[in-house]
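Below is one structure; the comments refer to it alone.
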2 protein chains.
Amino acid sequence: MVVTLRDVARAAGVSPATASRALSSPELVAPARREQVQRVARELGYRPNRAARELITGRTGNLCLVVPDLENPFFAAVAKGVQARARTLGYAVFVADAEEDPRLEPELVAHLGAQVDGAVLCSPRMSDEDLDRLAEDVPLVLVNRRHRALASVVIDNADGVRQAVTHLHALGHTRIAYVGGPADSWSDARRREGLAHVSHGLRRVEVVDLGPFAPVFAGGVAAGDLVAASGATAVLAHNDLVALGILSRLQARGLRVPQDVSVVGYDDIPAATLVSPALTTVTVPLARLGREAVDLLVAHAMSTRRGSAAERVVAAALAAHRDGAGGAPGVSASITGGPRGASYVDVDAARAVEPHTPHDGTHETDGARGTDGARRADGKAVGADGGADGRADAPAGAHGPRVGVVGAPASPDGTGEPAPQPVRLRVELVVRASTGPVPTRPTSEADR
Amino acid sequence: MVVTLRDVARAAGVSPATASRALSSPELVAPARREQVQRVARELGYRPNRAARELITGRTGNLCLVVPDLENPFFAAVAKGVQARARTLGYAVFVADAEEDPRLEPELVAHLGAQVDGAVLCSPRMSDEDLDRLAEDVPLVLVNRRHRALASVVIDNADGVRQAVTHLHALGHTRIAYVGGPADSWSDARRREGLAHVSHGLRRVEVVDLGPFAPVFAGGVAAGDLVAASGATAVLAHNDLVALGILSRLQARGLRVPQDVSVVGYDDIPAATLVSPALTTVTVPLARLGREAVDLLVAHAMSTRRGSAAERVVAAALAAHRDGAGGAPGVSASITGGPRGASYVDVDAARAVEPHTPHDGTHETDGARGTDGARRADGKAVGADGGADGRADAPAGAHGPRVGVVGAPASPDGTGEPAPQPVRLRVELVVRASTGPVPTRPTSEADR
DNA sequence: CTGAAAGCGCTAACAC
DNA sequence: GTGTTAGCGCTTTCAG
């Protein structure tokens with residue numbers, strides 16, 4: 001009923017081993033036989049059994065993504081990016097919604113982690129300890145959070161607020177309110193730091209911290225009243241959802257935006273342009289966060305995988321690799337080579353001969369990242385203090401085209417390799433209709 | 001390194017077979033041994049190898065969901081519902097984004113279908129033929145589309161527009177514009193049908209069809225101008241995104257909503273309340289669409305599965321089942337029993353003794369569906385003309401609490417069982433600020 | 001109720 | 001280059 005590799009082998013007049021090789025490692029088979037086997041396989045409609053393959057190779061060809069809330073446009077966009085990238089690389093992706101529950105996250109990762117080659121955790125709210133624990137079981141890449149030796153892709157939080165505040169300052173605003181996100185939000189902490197730096201640098205600018213709020217529309221609505229009462233002429237919100245809430249509340253109270261109060265968001269979700277006035281906000285390359293995360297995962301995390309046979313081999317290869325051989329890519333290639341190829345029809349047949357160089361920036365619109373970002377362990381970079389806390393990042397005063405960091409995505413899986421530099425993506429302020437010049441006379445609640 | 005079932009067996013002093021049973025079919029093992037094995041397994045941190053299990057059982061414990069666009073709030077919400085439900089049943093779910101490309105859909109389903117127990121296709125744009133083809137390979141459940149014998153969950157499209165038009169009519173509107181969705185949208189076709197019925201029933205109501213538009217914000221913006229030119233005092237949009245676009249365009253042109261024009265959307269996505277005026281719209285139980293789809297999948301689609309050994313057994317069981325024995329649930333239970341239980345730690349240990357009754361409405365807020373919706377093949381229902389085209393659905397004139405259909409979710413997998421009735425979910429108009437009484441004098445472009 | 005044995009479909013040594 | 005031989009870890013007959 002279901003056609004098996006044996007069937008193909010028999011029909012092609014070769015041994016199962018040869019059939020297997022012809023499909024999975026074509027370069028090991030004589031051209032004539034190879035093509036014949038491939039043809040027969042096609043004719044018979046052969047579909048390799050993934051479970052059987054996984055059982056022996058230890059690789060699944062799957063990834064997983066865990067987000068706090070799929071309905072949040074921010075995460076939806078990241079998910080889309082992850083999807084797209086994974087698909088072109090031949091990976092399928094499990095998506096899990098943690099329902100904003102920090103306790104659910106580790107559970108989800110543990111469950112899914114058992115059946116994937118790696119996991120992307122987007123804005124995880126779980127503790128550092130949980131992250132450490134999980135990282136032992138499955139290759140992890142963090143998005144929008146940083147943690148010790150784990151690979152991660154983040155945005156330049158500090159630079160975003162810098163741009164926003166600079167913009168507001170140029171419009172004459174001197175009293176700016178900040179409506180923060182959740183107290184335990186990693187990115188919010190970075191933005192606060194950035195805020196402190198900018199306001200230091202700018203004369204006569206005063207930032208009023210209105211405190212932490214839920215990072216959703218309702219949070220913004222609540223914050224709206226505080227904004228009105230603060231006497232600020234401009235407000236910067238933790239994210240667009242919050243900004244939208246503020247906007248809504250302000251307008252409901254009869255305050256005009258931007259005539260009375262200017263509002264700036266963060267993230268640039270689609271809804272930012274659905275409202276009027278359209279929201280001035282900090283554009284974050286949402287989809288790219290996802291894409292980079294996948295690249296990172298495929299680049300290094302996949303190298304080690306608890307997979308019985310494969311595991312031992314990889315370990316041996318890595319050892320040999322470290323012992324001198326500057327870079328015999330062929331070796332690691334045949335080991336780390338995961339699924340690839342856009343066509344799902346015969347992924348195996350399409351398996352490239354070229355070594356595994358998953359991301360060389362080909363698809364990126366700006367050439368920020370080094371083209372050899374995927375190659376790891378080239379001596380020099382080893383042993384640095386990459387495991388530091390990551391406080392060294394934001395020289396927030398500097399500006400100009402901040403490069404999205406290169407760094408060697410090494411393997412933090414306990415193979416003794418150094419911790420990777422996080423991939424940091426640039427953000428950019430996009431000015432729309434919700435910000436304008438400071439009102440000539442101060443606006444306050446008393447105005448109405 | 002990794003603890004295997006053999007290890008557990010050895011440590012517990014039993015054979016691998018017994019260990020396996022103790023964990024996967026506890027009822028087959030003597031209480032004493034059973035508990036001992038379970039304890040040992042826990043202590044050793046035993047984690048069953050899913051690949052090995054899948055290889056022999058043919059079941060994966062995974063589902064997949066394919067949507068046209070993850071960033072569309074409609075699909076995000078459905079995805080969330082699918083997620084949640086699948087998780088409580090112990091299933092992990094692959095999510096794929098078809099990027100609004102009908103050609104990509106079958107490819108994704110084919111790829112993922114090979115490694116899941118069933119697939120949920122949300123608003124698939126692919127052809128009927130593609131659906132037929134895929135349905136042969138993997139159990140399918142459709143959301144927001146109907147097709148022959150495939151199980152599906154849809155909303156009462158016709159009733160939604162009926163409510164909307166009735167509302168508008170009550171406000172005095174007599175000239176109502178309809179801004180449709182994509183020409184090949186199944187749901188849009190249903191809404192048009194409903195529209196025709198209602199306007200027949202209502203005196204003096206004239207519906208102006210403004211044609212098909214892309215179901216996104218930009219589509220609505222484009223439609224906005226047509227609305228203004230149509231002379232209609234109210235407009236009903238294919239969905240909220242389009243309604244939002246219309247709203248935006250109308251306001252940009254100086255028309256006031258609802259004073260000059262009333263706007264009604266469909267779906268009630270979160271953004272509907274982010275704008276001002278808040279959108280009057282037809283609330284669709286988005287998350288529930290997803291939940292029901294999963295229930296349907298688990299209820300019947302899982303019964304048959306090409307899985308070597310399991311397949312034959314299931315087939316035999318089904319045959320025996322049909323031959324009289326009204327309901328020997330024990331049999332099918334041990335066969336169809338998929339993963340379940342909320343705890344991921346020891347899903348197996350939690351395997352219920354009770355027969356497989358995945359959804360009995362326990363989690364539903366309204367008891368619309370029958371509690372025995374999961375039980376299939378009880379003679380009577382067999383052989384009906386369930387395979388009809390689905391044109392029989394909308395007696396659009398009727399109203400009142402339309403029940404969300406019960407029907408026996410039979411297996412359309414060619415086992416000779418009848419086609420299932422689609423699960424139809426009720427929708428409800430929610431009146432917000434974007435609709436109001438008809439203007440005393442007609443509004444047209446000339447007004448400004 | 002329990003154990004021994006036989007694979008699920010595939011890949012990876014190891015010889016030839 | 002190719003075939004032969006072993007299993008990967010688990011479930012499931014089939015005897016006892």
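Throughout, a chain's letter reflects where its sequence line sits, starting with A, and its residues are numbered from 1. In what follows, every heavy atom counts, from backbone to side chain, and hydrogens, waters and symmetry copies are set aside.
Distances shown here put a side-chain N or O of Thr18(B) below 4.0 Å from the OP1 or OP2 atom of dG3(C). Side-chain N/O atoms of Thr57(A) include none lying less than 4.0 angstrom from OP1 or OP2 on dT11(C). Between Ser24(A) and dT11(C) there is a side-chain N or O to OP1 or OP2 distance below 4.0 Å. For Arg6(A) and dC10(C), the shortest distance from a side-chain N or O to OP1 or OP2 is not below 4.0 Å.
Between Arg39(A) and Glu43(A) there is a salt bridge, since a side-chain N of the basic residue sits under 4.0 Å from a carboxylate O of the acidic one.
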Worksheet item: What do the steps show when you test Gln83(B) against Val95(B) for side chain to side chain contact (heavy atoms under 4.5 Å, CB included), and what is the final call?
Response: CA-CA 9 Å; Gln83(B) 285 290 304; Val95(B) 176; 3.9 Å; yes
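Taking only distance into account, the side chain of Arg21(A) meets the base of dG3(D) through a donor-acceptor pair shorter than 3.5 Å.
Contact annotation for Ala17(A): base contact, defined as any heavy-atom pair under 4.0 Å involving a base atom. Among the atoms of the strands shown, base atoms are found under 4.0 Å from some heavy atom of Ser20(B).
Relative to the side chain of Arg33(A), the nucleotides dT2(D), dT2(C), dG7(D) differ in distance, and dT2(D) lies closest. The listed nucleotides are dG9(C), dG3(C), dT2(D); the one nearest the side chain of Asn49(A) is dG9(C). For Ser15(A), the listed nucleotide lying nearest its side chain is dT4(D); candidates were dT2(C), dT11(C), dT4(D). Distances from the side chain of Val14(B) to the nucleotides dT11(D), dG9(D), dG3(C) place dG3(C) closest.
For the pair Ala30(A) and Thr4(B), both in contact range of DNA chain D, the more 5′-proximal nearest nucleotide belongs to Ala30(A). Both Ala51(A) and Pro31(B) lie close to DNA chain C; mapped to their nearest nucleotides by heavy-atom distance, the more 5′-ward contact belongs to Pro31(B).
Partner of Cys64(B) under the side-chain contact (heavy atoms from CB on, under 4.5 Å) criterion, chosen from Val109(B), Val138(B), Asp117(B), Val116(B): Val116(B).
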